[in-house]
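Read through the structure below, which is laid out as structure tokens, and then see the notes.
Bear in mind the structure is a predicted one, so any value in this text is a computation, not a measurement. Chain A is the first sequence line, chain B the second, and so forth, proteins listed ahead of strands; every chain is numbered from 1.
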Amino acid sequence: MAGKIRRPPGKKSKGPDVEPLIRLQGLSKTYDGGPVAVEALKEINLEIYEGGYVAIMGPSGSGKSTLMHILGCLDVPTYGEYFLKGQEISRYDSDQLARVRNREVGFVFQQYNLLPRLTAAQNVELPLLYSSVPIDRRKEIVAEMLAKVGLVDRGHHRPNELSGGESQRIAIARGLANDPAILLADEPTGNLDTKTEEEIMALLDELNEQGRTVIVVTHDDTVAKHARRTLHLLDGRIV
Amino acid sequence: MSFLALLGLSVVTLRHHKSRSFLTTLGIIIGVMTVITILSLLEGLNRKIQEEFSSLGSSTIYIQKMEWQVGPGQHRLDFEELRKRPNFTVEDAEALAKLPSIEAAVPSIGKGVGTIKRLGNEAQNCQLKGTAEGGDLTGNWVVDQGRFITREDRLHRRLVCVIGSYIAENLFGAENPLGQTLDVDGHRYFVVGVLEEKGAMFGQTQDNVIIIPVSTYLKYNPLPRGWRAIWGGLSIEALPKPGVVLEKAMEDVEELLRLRRGLRYDQDNDFGLNTQQMIMTALQGITSTLWIVMVGIAAISLIVGGIGIMNIMLVSVAERTREIGIRKAVGARDRDIMIQFLMEAVVLALLGGLIGIIVGIGIARLVSVLVKFLDAASPWWTIALGFGFSAAVGIFFGIYPAQKASKLNPIDAIRYE
């Protein structure tokens, strides 16, 4: 966590002296696959500061998933620059991107995406395995993360024995395991009922209050209301 | 990820598809099993050959009318010419014995005398052998009690014999055979010596001999004539001095015999020099041919097994596309995914190798129980070879699926249903 920049208290505006956690400059993404090139993102400029709580909204096809994939280093932009913690990562190779995904980004997906053959605890442990954390420390972190999401007693269960809400909590615990700078949630409550949705959002709120930068991609206004800042995407542009 | 963690992961994944994994490894199992079984049997055979020949006295030169026809390949024999070859004489043996490179050279002749009876006891399938002093050296016999045939025995054509352990046991039992008499072929011989047990050679005992002076033998048994003389006549056994190379001794023997027979430089030898080395070389030639055939069979089944592994790994990669996507999303590098799938292929192949080795050794043991004179030997290097081959197959055929898995785009993979 080198270069952790704390915003000076009371200073709410973006000053030139504070480097944002995420900075996108003229970022574009074009898909060339089909007969017609599709411009998913057009000249996006965006700054997100540490400790931010941002909702990205927009109808399907607006480019919000593409933006989320680029922010999470699952994809690279066609043009433009992406700075994360002051590092230009838009030109990183696949190994460097994997490292960023491992250390700096925690993903939470709509379908939870837990590995069905592993227990909940093993799922939480997964990012730690890829960053070569020694086994004793791994066990500690897993216990800590399970406690954080309130599922200490469910660690040995497999995903098919967990409810939707529990699965998503485990996914959040996994996302937090390597203490990443950003927690990226893609429709985190899309598969959940209203009551569970409230629980999950409350957990995200709590994580943000503890200082974690949270970015939620959603088309649901009630979810977006939890965030302090909302971006609307339409046809690949922020409106 | 650490090696152990990866190994554990592979085992967990493979256990999840037990029957599929087993069927996939069948090719490897059969391949490795074939290699291990045949290697063990060949190794056992080779050791047996060496062991049995060493009991004969492996450097003795057998001087006969023709060379032994051993090993593969058809030889055209000119029986007319063979029939006309001169007989060996006792004088030939005496002359050879004087060569500086020769320790002992003795005339030798023999025949089967069937069953011999003595006071209600009988010994079957006995061999009567005529030889001279020094025949214990050339025949690699050790005298257990009494003495061997001496020069005096030979010169006086004495009716004495030295008997093999089988005969001593069967005809004399607990009695001491020395000084007793034995009736063979219508003549009564005094037993002057008993030989130590020599053991069987390819299932045939060598301890059923009755050795008498060659002069005595020739007195009662006329030399065979015509084509029978090719094999049945007098031959000479010569033992090189210790420290003399066998080839050098053979050269000396050849030179002296050519001289004694007055052969011109452009005439071929009219005799044959035979050694056990020749049989051993020929047998080893046969086993090495078998070896090559076996390697071919094993290679084919290992390739087939490898393709099976590649196939199932491709299926596995397709089935687990989503898993690959998730792993990449939480930070797995391409090479982490690659190693994970490669490891799975190698574990699968090694599992097949392990089963193949166990079954192969089992079959080899079973064969050696069923076939009396064959002892299977499975030295460590056959086991290492089995493991090495299966690991190589796993790596070779696992690379393509693993590469395919590692190159999957994480976004597409994670959305895969």
Inset, instruction - Taking the side chain as every heavy atom from C-beta outward, state whether A:Q122 and B:V12 have any pair of such atoms under 4.5 Å apart. - result: no
Legend entry - Within 6.0 Å of CZ in A:F83, more than 12 heavy atoms from elsewhere: yes
Legend entry - Greater than 12 external heavy atoms within 6.0 Å of B:F389's CZ: no
Legend entry - Spacing of A:F109 atom CZ and B:I414 atom CD1 [to the nearest 0.5 Å]: 3.5 Å
Inset, instruction - Could you tell me whether A:H157 atom NE2 has more than 12 heavy atoms of other residues or ligands within 6.0 Å of it? - result: yes
Legend entry - Single hit among A:N113, A:N178, A:L126, A:N123 for side chain to side chain contact (heavy atoms under 4.5 Å, CB included) with B:V330: A:L126
Legend entry - A:Y130 versus B:G331, closest heavy-atom pair with distance: CB-O, 3.9 Å
Legend entry - Approximate separation, where rounding is to 0.5 Å, of B:D334 CG and A:D93 CG: 9.0 Å
Inset, instruction - Please tell me if the side chains of B:R333 and A:N102 come closer than 4.5 Å, counting only heavy atoms from C-beta onward. - result: no
Legend entry - Other residues, nucleotides, ligands: >12 heavy atoms within 6.0 Å of A:K42 NZ: yes
Inset, instruction - Sort A:L128 into side chain, backbone, both or neither according to what part of it lies under 4.5 angstrom from a heavy atom of chain B. - result: neither
Inset, instruction - Measure the spacing between CG of B:N409 and CG of A:L74 and express it to the nearest 0.5 Å. - result: 8.5 Å
Legend entry - Worked check of side-chain contact (heavy atoms from CB on, under 4.5 Å) between B:R335 and A:D95: CA-CA 9 Å; B:R335 97 178 74 125; A:D95 276 7; 2.7 Å; yes
Inset, instruction - For atom CZ of B:F387, decide whether the heavy atoms of other residues, nucleotides or ligands shown that lie under 6.0 angstrom number more than 12. - result: yes
Inset, instruction - Looking only at non-hydrogen atoms, find the nearest pair between A:A98 and B:A332 and report the distance. - result: CB-O, 3.7 Å
Legend entry - Distance (rounded to the nearest 0.5 Å) between B:R415 CZ and A:Q111 CD: 10.0 Å
Legend entry - A:Y79, OH atom: more than 12 neighbouring heavy atoms under 6.0 Å: no
Inset, instruction - Give a yes or no on this: more than 12 heavy atoms of other residues, nucleotides or ligands lie within 6.0 Å of atom OH of A:Y92. - result: yes
Legend entry - Residue A:R117 excluded, over 12 heavy atoms near CZ under 6.0 Å: yes
Legend entry - Nearest-0.5 Å distance that lies between atom CG in A:D75 and atom CG in B:D412: 9.0 Å
Legend entry - Point-to-point distance, once rounded to the nearest 0.5 Å, from CG of B:L9 to CG of A:L118: 7.0 Å
Inset, instruction - Count the heavy-atom pairs under 4.5 Å between each of B:E323, B:H16, B:K328 and chain A, then report the option with the highest count. - result: B:H16
Inset, instruction - With a 4.5 Å cut-off on heavy-atom pairs, point out which of A:A177, A:S131, A:P116, A:P127 contacts chain B the most. - result: A:P127
